[in-house]
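Accompanying notes for the structure given below.
If you're wondering where the values come from, they're calculated on a predicted model, not measured in any experiment.
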Amino acid sequence: MADSVNKIIVTALRPFGLPVAENLYTGTGKEYFTYNYADDSVGDLGDDLPQAYVASMQIHYFCPLNNSYADMKRRIRAALVAAGFTPPTVTDASDTTDKIRHLVFECGIENEYDLESED
């Protein structure tokens with residue numbers, strides 16, 4: 001039985017030792033991850049029935065703006081690929097006003113749709 005996309009993300013990011021939250025982080029840490037579904041759709045049809053679902057995910061990395069982040073970006077990308085995600089594109093969505101670095105990793109993975117849980 002395959003793991004859910006949520007579990008795959010949390011497991012892939014666990015070695016970084018940072019909080020990981022779905023959608024919204026409400027903790028007090030200055031460095032953390034969040035993730036959300038950008039799209040969850042049929043990836044393959046056969047006999048007019050879904051054969052596979054593909055989850056397009058956004059994984060967000062937040063840290064103080066003055067943190068060195070190039071190595072972290074490389075390590076996050078490698079961890080996601082090793083977990084089975086497509087090689088992510090990375091967008092810098094940092095907020096210079098609030099002095100927060102915000103990197104968005106966009107990637108996809110086959111989704112075992114019926115295994116997704118609310119927790």
| query | Do any N or O atoms from the side chain of T86 and from the backbone of G108 form a donor-acceptor pair under 3.5 angstrom? | reply | yes
| Pick one: which of L103, N23, N36 meets side chain to side chain contact (heavy atoms under 4.5 Å, CB included) with H60? | N36
| said: For a 4.5 angstrom cut-off between non-hydrogen side-chain atoms, does V10 reach F33? | reply: no
| request: Could you pull out all residues at least two apart from F62 that satisfy ring-ring contact (aromatic ring centres under 6.0 Å, His included)? | output: Y32, H102
| query | Under 3.5 Å, side chain of S4 to main-chain N/O of K7, donor-acceptor pair present? | reply | yes
| Of all pairs that satisfy salt bridge (Lys or Arg N to Asp or Glu O under 4.0 Å), the ones with a partner from residues 75-89, not counting sequence neighbours | none
| note | d(L80 CG, I109 CD1) to nearest 0.5 Å is 9.0 Å
| query | Is the closest side-chain heavy-atom distance between K73 and I76 below 4.5 Å? | reply | no
| request: Examine I9 and V104 and state if one hydrophobic cluster contains both, with Ile, Leu, Val, Met, Phe, Trp and Tyr joined whenever side-chain heavy atoms are less than 4.5 Å apart. | output: no
| said: Please find the pair of heavy atoms, one from C107 and one from I59, that lie closest to each other, and give the distance. | reply: SG-CD1, 3.8 Å
| query | So which heavy atom on D95 is nearest to which on T97, and how close? | reply | OD1-N, 2.9 Å
| Ring centre gap for Y61 and F105 strictly below 6.0 Å | no
| message | side chain to side chain contact (heavy atoms under 4.5 Å, CB included), that's the test. Do N67 and E31 meet it? Break it down for me. | response | CA-CA 10 Å; N67 277 27; E31 191 173 11; 4.2 Å; yes
| NZ/NE/NH1/NH2 to OD/OE distance under 4.0 Å, D92 and R101 | yes
| F16-Y25 co-clustered via ILVMFWY side chain contacts under 4.5 Å | no
| remark: When rounded to the nearest 0.5 Å, the distance separating CE of M57 from OH of Y35 is 7.0 Å
| field | Stepwise side chain to side chain contact (heavy atoms under 4.5 Å, CB included) test for M72 and L18 | value | CA-CA 12 Å; M72 188 67 153; L18 300 173; 3.7 Å; yes
| field | Any P64 side-chain heavy atom under 4.5 Å of K30 side chain | value | yes
| Shortest non-hydrogen contact between V81 and P87, atoms and distance | CG2-CA, 3.7 Å
| message | How close do A83 and I8 get, counting heavy atoms only, and between which atoms? | response | O-CG2, 3.7 Å
| L13 CG to T34 OG1 distance, which is reported to the nearest 0.5 Å | 10.0 Å
| Should side-chain heavy atoms under 4.5 Å link Ile, Leu, Val, Met, Phe, Trp and Tyr, which residues sit in the same cluster as L65? | none
